[in-house]
Asks: 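Below you'll find the structure I mean.
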Amino acid sequence: MHRSEMEARVPCAGCGAAIADDSRSFAFGENQLLCWGCALRRGGSFDAEEDQWSTDPRTDDLMAEES
Ligand SMILES: [Zn+2]
């Protein structure tokens with residue numbers, strides 16, 4: 001059994017890359033994720049000591065459209 005194949009992982013909303021369970025990412029909106037690289041490129045700043053984002057990356061252009 002491949003656990004990774006059993007779970008539906010949300011791809012990065014910025015570049016579409018698969019985000020591994022154990023890699024840092026930025027969660028926003030409704031079940032959306034930005035990969036580490038995209039979050040930093042979008043102005044995000046991660047505080048490793050606090051283990052949280054001190055500055056949120058810009059995601060206003062990525063919010064899922066209401067249909
Ligand atoms: Zn990305």
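As a basis for the values below, the full set of heavy atoms in this structure was taken, side chains included, without hydrogen atoms, waters or symmetry mates.
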Asks: Once side chain to side chain contact (heavy atoms under 4.5 Å, CB included) is applied, do any residues pair with Thr59, and if so which ones, sequence neighbours excluded?
Replies: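 Counting only residues at least two positions away or on another chain, Thr59 forms a side chain to side chain contact (heavy atoms under 4.5 Å, CB included) with Phe26, Phe28, Leu34, Met63.
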
Asks: Between the side chain of Ser45 and the main-chain N/O of Ser54, is any donor-acceptor distance below 3.5 Å?
Replies: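 No, the answer is negative, given that no donor and acceptor are paired below the 3.5 Å cut-off.
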
Asks: Let's go through Phe46 and Thr55 carefully: what are the C-alpha distance in whole Å and the side-chain angles of both, what is the deciding distance for side-chain contact (heavy atoms from CB on, under 4.5 Å) to 0.1 Å, and is it a yes or a no?
Replies: CA-CA 7 Å; Phe46 192 82; Thr55 305; over 6 Å; no

Asks: When you measure from the side chain of Gln32 to the backbone N and O of Leu62, does any donor-acceptor pair fall under 3.5 Å?
Replies: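 A pair under 3.5 Å: yes.
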
Asks: For Glu50, give me all partners under side chain to side chain contact (heavy atoms under 4.5 Å, CB included), at least two apart in sequence or on another chain.
Replies: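 Here the qualifying residues are Asp47, Gln52.
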
Asks: Could you list the residues that satisfy side chain to side chain contact (heavy atoms under 4.5 Å, CB included) with Ala18, not counting sequence neighbours?
Replies: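 For Ala18, no residue satisfies side chain to side chain contact (heavy atoms under 4.5 Å, CB included) once neighbours in sequence are set aside.
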
Asks: Can you see which heavy atom on Cys12 is nearest to which on Cys38, and at what distance?
Replies: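 That would be SG-SG, 3.7 Å.
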
Asks: Suppose we screen for side chain to side chain donor-acceptor pair (under 3.5 Å). Which residues come up paired with Asp61, at least two apart in sequence or across chains?
Replies: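 If we apply the side chain to side chain donor-acceptor pair (under 3.5 Å) test to Asp61, skipping adjacent residues, the hits are Arg42.
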
Asks: Asp60: what forms a side chain to side chain contact (heavy atoms under 4.5 Å, CB included) with it, not counting sequence neighbours?
Replies: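 Here the qualifying residues are Arg58.
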
